[in-house]
Visitor: 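I have a structure I would like to understand better, so I am pasting it below and will then ask my questions one at a time.
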Amino acid sequence: MSDHHTLDTLLQENRQFLPSAEFAAQANFNDPAIYAQALENPVEYWSEWARTLDWIEPWHTAHEWNCPDAKWFLGGKINACYNCVDRHALGDRAHKTAILWEGEPGDVRILTYSELKNEVSRVANALKALGVQKGDRVCIYMPMVPELAMAMLACARIGAIHSVVFGGFSAESLFDRVNDASAKVILTADGGWRRGSVVPLLKITEDALTLGCPTVEHVVVFGRIDPNFDPGFGRTPESKLEGRQSPPPQFHNWMTLIQAQSTECACEAMDSEDLLYILYTSGSTGKPKGIVHATGGYMTGVTATAKMVFDLKEDDIYWCTADCGWVTGHSYIVYGPLANGATVVMYEGAPDTPEKDRFWRIIERHGVTILYTAPTAIRTFMKWGTEYPSRCDLSSLRLLGSVGEPINPEAWMWYHEFIGGSRCPIVDTWWQTETGAIMISPLPGITTTKPGSATQPLPGIRACVFDEDGRDITPVQGALNYYSGGKTNLAEARGGILAIANTWPSMTRGIWGDPQRYKDVYWNRFPGIYFPGDGCKVDEDGCFWLLGRVDDIMLVAGHNISTMEVESALVDHPAVAEAAVIGKTHEVKGQAICAFVIVKTDHQAPDYTALIAELKAHVAKKIGAVARPDDIIITADVPKTRSGKIMRRLLRDVAEGRALGDTTTLADPAVVASLKDRYDEG
Ligand code: WT7
């Protein structure tokens with residue numbers, strides 16, 4: 001397990017925070033009986049939530065389970081866009097703000113539900129005009145502008161499957177994802193603002209196309225940087241695209257295309273099990289996995305959890321700081337909150353532009369009541385100091401959330417005190433791209449929280465912890481009780497790996513094009529039990545303390561990056577013979593990427609400083625800036641087992657300055673000792 005450090009800091013933790021009587025009294029959910037009810041009949045529990053959505057045709061069978069294939073609400077017909085947009089636009093919420101957007105330069109746009117319905121319908125009609133049909137894949141590679149959310153909803157409206165690719169990914173990553181999904185259309189922008197500079201999304205898209213994306217017929221470009229911008233169709237010289245097996249894609253200006261469209265567009269009646277989207281996440285083999293989600297179950301899961309965990313109310317101003325390129329943006333910027341008719345804040349840029357108080361200014365300016373952000377951001381703010389939040393009026397806040405990686409108790413306490421004014425409950429929400437929705441989290445009106453623990457599985461979820469011998473060590477089986485304060489003796493908490501023992505509506509339906517891999521990665525240990533790949537401790541109260549990944553996936557500033565992915569990017573460089581990559585504990589980012597690189601013997605005159613810089617840039621170019629290694633150590637060898645497997649545990653010991661563990665299984669124990677000497681020398 002990679003997280004000795006997280007564990008050490010957690011061992012001492014024994015603080016607890018009860019929900020205030022005031023908060024509990026007004027909470028959407030304040031009766032703990034819901035846990036027992038849900039557990040008694042989970043299918044009925046979820047069906048009740050599903051009935052809060054608008055269905056075109058009711059389902060005939062609520063649930064079918066044929067491990068690992070789950071189906072929910074079979075035979076039901078539903079449209080996700082209708083549930084997020086139309087049903088509010090056609091009712092009392094027509095003139096309520098749906099999206100309150102702020103661009104990095106400070107520009108603000110407000111879209112009511114009725115305006116959103118018109119805009120989304122236009123985009124949907126534009127996609128239809130380009131020949132997009134139900135089931136076709138549309139790749140969305142856009143900055144955080146309202147058009148990104150519109151694009152997702154427009155796909156949902158006509159039954160196209162969207163695949164959002166995070167704007168920080170490189171041309172090669174985009175190319176891989178576009179081809180894996182055989183996308184017919186790419187929606188992009190001339191650029192997006194990030195820390196005062198333009199992220200050249202169109203340029204990167206063109207580079208991806210040049211690498212060869214034969215299925216792409218159209219590229220639609222939104223003029224975010226220059227509204228009057230003319231894609232000029234193909235700044236990419238035709239000649240560069242000519243080598244493709246198919247005609248070059250046609251480029252369109254978003255505005256021109258959309259303005260010509262009607263604001264009327266019928267919502268496609270989708271089968272509950274029809275796919276809503278694909279979202280790629282890192283896999284430990286290095287090849288990203290296209291995680292797919294089905295319409296009815298996913299919408300049920302995100303609608304329920306958004307309402308319960310965030311205690312969403314009619315007048316809330318809800319802000320999730322994630323990017324729509326990640327699952328958090330899918331479930332808790334777009335689908336979950338909008339299905340609840342909430343007002344959602346969306347921000348384009350960086351937290352330190354123009355100044356380090358940007359988040360707090362946004363909260364003050366728009367009266368944000370619920371803030372959902374990541375531990376890496378919180379640790380960054382801690383480092384910047386309390387001066388920035390204390391400049392702003394944060395009294396509108398009433399609830400805080402955390403997601404993406406374990407939150408260390410110090411960061412939790414800082415968030416509680418300096419952002420939440422010691423009055424806001426904190427919901428530390430554990431889940432993954434694959435689970436679709438939050439799985440382990442406090443319910444803010446019920447649960448007593450402990451800094452560093454995501455507390456208990458939500459109603460309807462049976463999470464448990466298995467020790468190394470495969471024994472279930474969860475004291476409170478499947479959350480038979482809810483946690484309401486009690487023994488907090490974490491030092492005696494036992495560790496193992498997290499598992500989910502039942503199915504739930506928003507669980508992934510698998511990996512796009514690779515059902516075997518889905519089975520192998522998540523369902524290979526015990527029949528019918530899902531293994532998310534996270535280490536976990538469980539204390540006597542049945543509270544879960546997540547410890548990070550147990551596989552070869554790193555959590556860098558909350559982003560999932562596989563060690564293999566970075567290793568292949570490194571060996572792609574002509575100077576590199578071999579590379580071993582690990583995630584090293586990092587104060588702000590949680591983990592930082594550290595690479596041990598063996599240079600080819602014929603590599604000329606090694607100027608290591610220049611080479612290291614070049615390798616860092618190479619990885620950023622191949623995968624994206626999120627994967628740029630912090631440290632690169634040039635070495636003659638890396639420790640390997642006799643069967644040739646890289647001993648990452650030992651490399652972590654080296655990088656984190658620990659005494660070396662057991663090296664007896666090594667092919668050559670001398671390697672790691674000399675590596676440690678080199679590393680410690682600097
Ligand atoms: C992995 C999933 C969930 C949306 C963002 C990331 C880690 C996520 C927590 C948390 C401890 C967490 C896990 C998980 N993780 N939230 N509250 N406490 N760890 O989605 O990219 O699919 O990553 O993020 O390791 O497996 P993702």
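As the structure lists them, so they are numbered: ligands from 1, and atoms in each ligand from 1. Throughout, numbering of the chain's residues begins at 1 and tracks the sequence. The structure displayed is predicted, hence computed values, not measured ones.
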Visitor: Can you tell me if Gly533 contacts ligand 1 (heavy atom of the residue under 4.0 Å from the ligand)?
Guide: no
Visitor: Under the rule for salt bridge (charged side-chain N to carboxylate O under 4.0 Å, His left out), what residues qualify as partners of Asp176, not counting sequence neighbours?
Guide: none
Visitor: Does the side chain of Tyr522 come under 3.5 Å of the side chain of Thr508 through a donor N or O and an acceptor N or O?
Guide: no
Visitor: Taking the inter-plane angle between the rings of Phe166 and Trp326 on a 0 to 90° scale, is it parallel (under 30°), tilted (30 to 60°) or perpendicular (over 60°)?
Guide: tilted
Visitor: At less than 4.0 angstrom from any non-hydrogen atom of Leu555, what atoms of ligand 1 do you find?
Guide: 7 (C), 24 (O), 25 (O)
Visitor: Indicate the ring-plane relationship of His162 and Tyr335, choosing parallel, tilted or perpendicular according to the 30° and 60° boundaries.
Guide: parallel
Visitor: Classify the contact between Leu546 and ligand 1 as side chain, backbone, both or neither, using a heavy-atom distance cut-off of under 4.0 Å.
Guide: side chain
Visitor: List every atom of ligand 1 that sits less than 4.0 Å from any heavy atom of Thr433, numbering the atoms from 1 in the order shown and giving each element.
Guide: 20 (O), 21 (O), 22 (O), 27 (P)
Visitor: When you measure from atom 10 (C) of ligand 1 to every protein heavy atom, which one gives the shortest distance, and what is it?
Guide: Glu405 O, 3.4 Å
Visitor: Starting from atom 25 (O) of ligand 1, what is the nearest protein heavy atom, named by residue and atom, and what distance separates them?
Guide: Asp534 OD2, 2.6 Å
Visitor: In terms of side-chain heavy atoms, does Tyr280 have a donor or acceptor partner in Trp512 at a distance below 3.5 Å?
Guide: no
Visitor: Polar contacts were defined as any N/O atom of the residue lying under 3.5 Å from an N/O atom of the ligand; does this apply to Asn560 and ligand 1?
Guide: yes
Visitor: Under a 4.0 angstrom heavy-atom cut-off, which atoms of ligand 1 come close to Gln432?
Guide: 2 (C), 3 (C), 22 (O), 26 (O)
Visitor: How far is atom 5 (C) of ligand 1 from its nearest protein heavy atom, and which residue and atom is that?
Guide: Thr328 OG1, 3.3 Å
Visitor: So which protein heavy atom does atom 24 (O) of ligand 1 come closest to, and at what separation?
Guide: Gly404 O, 3.3 Å
Visitor: For Thr429, take its heavy atoms, then give the atoms of ligand 1 lying under 4.0 Å from any of them.
Guide: 9 (C), 10 (C), 16 (N), 17 (N)
Visitor: With a 4.0 Å cut-off on heavy atoms, is Pro406 in contact with ligand 1?
Guide: yes
Visitor: Kindly assign one of parallel, tilted or perpendicular to the pair Tyr332 and Trp431, based on the angle between their ring planes and the thresholds 30° and 60°.
Guide: perpendicular
Visitor: Which residue and non-hydrogen atom of the protein lie closest to atom 3 (C) of ligand 1, and at what distance in Å?
Guide: Trp431 O, 3.1 Å
Visitor: Just by distance, with hydrogens left out, do Ser282 and Ser562 show a side-chain donor and acceptor under 3.5 Å apart?
Guide: no
Visitor: Among all residues two or more places apart in sequence or in another chain, which pass the side-chain hydrogen bond (donor to acceptor under 3.5 Å, both in side chains) test with Arg509?
Guide: Glu273
Visitor: If you measure only the distance, is there a donor-acceptor pair under 3.5 Å linking the side chains of Tyr530 and Thr503?
Guide: no
